[in-house]
Amino acid sequence: EGDYANAQSWLEKASSQDHPEALYTQADWAWEPPAGITMQADTARALQLLRRSAELGHGGAQSRLGGLLTQGVKGRVQQDSWEGKRLLRLAFEQDDPDAAFHLGQTLLQEGDRDGATKLLAACAKGHPRACFQVAEMYREGQYQFAKDQAKAIRYTKWAAHMGDPQAMSNLGHLIINGMGVVRDDAKAVRLFHHSAILGAAEGQLNYGLALLRGNGGVRVNYQEALEWAQKSAAQGHSLAHQQLPMFFNASKNPNPPARSKPTSREEMARLSIRELRDLLKSEGIDFSDCVEKADLVARAELRLPGVAEPWDAAPEHTLLLEPPKKTRAELLKQRQQLQQQQLQQQTTSPSSQESACVSTAAASPSVATSAEASKGASTAAAPAADLRPEVFPPTAPAQGSRPVATPAASSSGCPPTAGAEGNVPAQVSKTAPPVTTLKDDDFEFID
């Protein structure tokens with residue numbers, strides 16, 4: 001109910017009995033008083049309460065005090081690295097994610113690579129800032145980490161969905177430029193907007209640039225763009241300082257005419273489906289999952305005046321990683337492999353034709369003349385230089401021998417078998433004697 005005075009009295013009673021959680025809460029209020037309480041900040045009392053709570057074994061107090069001592073706060077806390085690391089190790093043994101992050105960061109600053117192990121442990125426990133730090137290490141290749149774009153995007157995405165403003169800005173930068181992911185300007189601008197609201201200087205500058213150029217379907221607004229650029233420059237962002245003149249020059253020109261927007265659900269219900277889609281597109285709202293007009297109205301109702309803009313915990317579109325492009329050497333190697341495969345197929349094709357021809361000749365019925373038998377015998381007696389089937393030109397019959405019918409050459413290059421269709425015998429002389437049929441045992445086949 002916001003009754004801080006009554007809560008303060010009960011916290012003091014619990015602290016007098018050395019209750020660790022009460023001591024930690026009271027120290028937090030003494031370090032930075034809440035908005036509804038009238039007490040003043042007291043650094044000495046806050047450190048005293050934190051130390052007492054840490055001595056009682058409170059993990060949060062050990063992590064908080066250890067982080068303050070390792071980093072130091074100008075004008076409030078003197079730096080004590082040794083004591084800070086001791087407290088952080090005690091909190092790390094209690095699986096405190098903040099302690100793992102601060103301890104890992106301190107060890108990496110001192111050159112101890114064991115800090116990377118602590119950061120990865122903090123990532124596994126869901127620490128958003130640790131995920132962002134690990135993403136930067138994979139992206140830049142820091143601390144002997146191999147550069148890995150896929151892992152950098154994964155850790156950046158985790159940190160952004162857990163609410164880290166700098167990670168939101170970095171993820172929006174990757175999405176709007178299509179660096180390793182599918183480009184989506186509307187989602188990138190939404191990430192810039194959330195990052196700017198949370199106070200990230202880079203997110204404020206990126207959102208100002210989006211308003212200046214109209215990226216992602218947002219309405220161009222020069223005055224609002226200048227305000228966000230000034231907020232970014234006030235935080236010391238060097239690029240925002242350099243680009244402030246551009247924003248000032250743009251703000252001198254009149255803004256594009258503002259379009260009348262619906263201010264209630266009833267006015268949205270009177271719009272057509274096409275008008276609702278144009279309205280959602282101009283605001284940079286994704287409506288790909290909306291099926292009916294009621295879905296479009298419900299989605300547009302989220303942007304009515306006075307309604308807090310929701311943060312989508314999961315992206316509407318899956319972040320697809322682009323496949324790595326092949327180098328010139330890999331493409332040449334792939335081309336050589338294809339050429340070798342084609343040569344192997346060409347060399348194996350004649351042997352397959354030869355085996356097909358031999359099997360056809362062995363399977364067909366054999367009827368030939370005595371001249372073919374003598375030709376087969378002479379071929380067997382001579383040394384076989386090449387056993388591949390060839391088509392020989394017709395020769396004149398020797399004296400005292402029978403005429404031989406010359407078969408027609410087939411398209412495959414193999415001699416056709418006897419009795420096959422399309423075999424046209426050569427013309428036989430008129431004085432040729434009658435052909436006598438020989439037995440199968442009198443023939444000699446060449447394998």
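Keep in mind that the numbers below use all heavy atoms, side chains included, and drop hydrogens, waters and symmetry copies.
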Going through the distances and angles, do Gln339 and Leu343 end up as a side-chain contact (heavy atoms from CB on, under 4.5 Å)?
CA-CA 6 Å; Gln339 291 177 356; Leu343 289 175; 5.5 Å; no

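- If you check the side chains of His237 and Glu202, you find no donor sitting under 3.5 Å from an acceptor.
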Would Gln105 and Leu88 count as a side-chain contact (heavy atoms from CB on, under 4.5 Å) here? Give the steps.
CA-CA 11 Å; Gln105 209 170 26; Leu88 288 175; over 6 Å; no

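- Gln204 and Ser232 get closest at one heavy-atom pair: OE1-N, 3.2 Å.
- Looking at heavy atoms from C-beta onward, Met246 lies in side-chain contact with Leu209 at the 4.5 angstrom threshold.
- You'll find the side chain of Leu296 stays beyond 4.5 Å of the side chain of Leu271, heavy atoms only.
- Surrounding CD of Gln144 are at most 12 heavy atoms belonging to other residues, nucleotides or ligands under 6.0 Å away.
- Heavy atoms of other residues, nucleotides or ligands lying less than 6.0 angstrom from NZ of Lys333 number 12 at most.
- Between Asp98 and Arg64 no salt bridge is recorded (no basic side-chain N to carboxylate O distance below 4.0 Å).
- Rounded to the nearest 0.5 Å, atoms CH2 (Trp31) and CG (Leu50) are 8.5 Å apart.
- Across Gly208 and Phe247, no two heavy atoms sit closer than the pair O-CE2, 3.7 Å.
- Using cut-offs of 30° and 60° for the angle between ring planes, the Tyr207 and His193 rings count as parallel.
- No more than 12 heavy atoms of other residues, nucleotides or ligands shown are found within 6.0 angstrom of NZ on Lys147.
- Phe192 is not listed as a side-chain neighbour of Asn215, based on a closest heavy-atom distance of 4.5 Å or more.
- Counting heavy atoms from C-beta on, the side chains of Gln166 and Arg129 come closer than 4.5 Å.
- Distance CG/Leu69 to CD/Gln78: 9.5 Å, rounded to 0.5 Å.
- Atoms CD and CG, from Gln336 and Leu338 in turn, are 10.5 Å apart once rounded to the nearest 0.5 Å.
- Of all heavy-atom pairs spanning Pro128 and Asp164, the tightest one is CB-CB, 4.1 Å.
- No side-chain donor-acceptor contact under 3.5 Å links Gln79 to the backbone of Gly72.
- Here the side chain of Thr70 pairs a donor or acceptor atom with the backbone of Gly67 at under 3.5 angstrom.
- Ring planes of Tyr138 and Phe145: perpendicular class, angle over 60° (limits at 30 and 60°).
- When atom types are taken as modelled, the side chain of Arg277 and the backbone of Phe287 share no donor-acceptor pair closer than 3.5 angstrom.
- Residues Ala160 and Met168 share a closest heavy-atom pair of O-CE, 3.5 Å.
- Looking only at distances, a side-chain donor or acceptor of Ser251 sits under 3.5 Å from a matching main-chain atom of Phe248.
- Of the N and O atoms on the side chains of Ser169 and Asn206, at least one donor lies less than 3.5 Å from an acceptor on the other residue.
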Let's go through Phe132 and Leu171 carefully: what are the C-alpha distance in whole Å and the side-chain angles of both, what is the deciding distance for side-chain contact (heavy atoms from CB on, under 4.5 Å) to 0.1 Å, and is it a yes or a no?
CA-CA 10 Å; Phe132 171 75; Leu171 184 60; over 6 Å; no

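- Residues Ala240 and Leu205 approach most closely at N-CD2, 3.9 Å, considering heavy atoms.
- A salt bridge links Asp114 to Lys118: one of the charged nitrogens lies within less than 4.0 Å of a carboxylate oxygen.
- Residue Asn170 holds its CG atom at 11.5 Å from CD1 of Ile153, rounded to the nearest 0.5 Å.
- Atoms NZ and CD1, on Lys187 and Ile176 in that order, are 13.0 Å from each other to the nearest 0.5 Å.
- With hydrogens and angles ignored, the 3.5 Å screen pairs no side-chain donor or acceptor of Arg183 with any backbone N or O of Ile175.
- The shortest heavy-atom contact between Cys131 and Ala159 is CB-CB, 3.8 Å.
- Here the side chain of Asn249 pairs a donor or acceptor atom with the backbone of Pro245 at under 3.5 angstrom.
- Side-chain atoms of Gln62 do not come within 3.5 Å of backbone N or O of Ala99 as any donor-acceptor pair.
- Put simply, the side chain of Thr348 gets close to the backbone of Gln344: a donor and an acceptor are under 3.5 Å apart.
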Does Glu140 form a side-chain contact (heavy atoms from CB on, under 4.5 Å) with Gln142? I'd like the steps, not just the answer.
CA-CA 6 Å; Glu140 300 290 342; Gln142 301 173 350; 3.7 Å; yes

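- Of the possible donor and acceptor atoms, none in the side chain of Ser63 sits under 3.5 Å from a partner among the backbone N and O of Gly59.
- Considering CD of Gln342 and CD of Gln340, their distance stands at 11.0 Å, rounded to 0.5 Å.
- Between Glu136 and Arg139, at least one side-chain N (NZ, or NE/NH1/NH2) sits under 4.0 Å from a carboxylate O, which counts as a salt bridge.
- Residues Leu276 and Arg299 are not in side-chain contact: their nearest non-hydrogen atoms beyond the backbone lie 4.5 Å or more apart.
- The side-chain heavy atoms of Thr106 and Gln71, taken from C-beta on, include a pair separated by under 4.5 Å.
- Taking the side chain as every heavy atom from C-beta outward, Tyr143 and Leu119 never approach each other to under 4.5 Å.
- When atom types are taken as modelled, the side chain of Gln235 and the backbone of Gly199 share a donor-acceptor pair closer than 3.5 angstrom.
- The closest side-chain heavy-atom distance from Tyr155 to Cys123 is below 4.5 Å.
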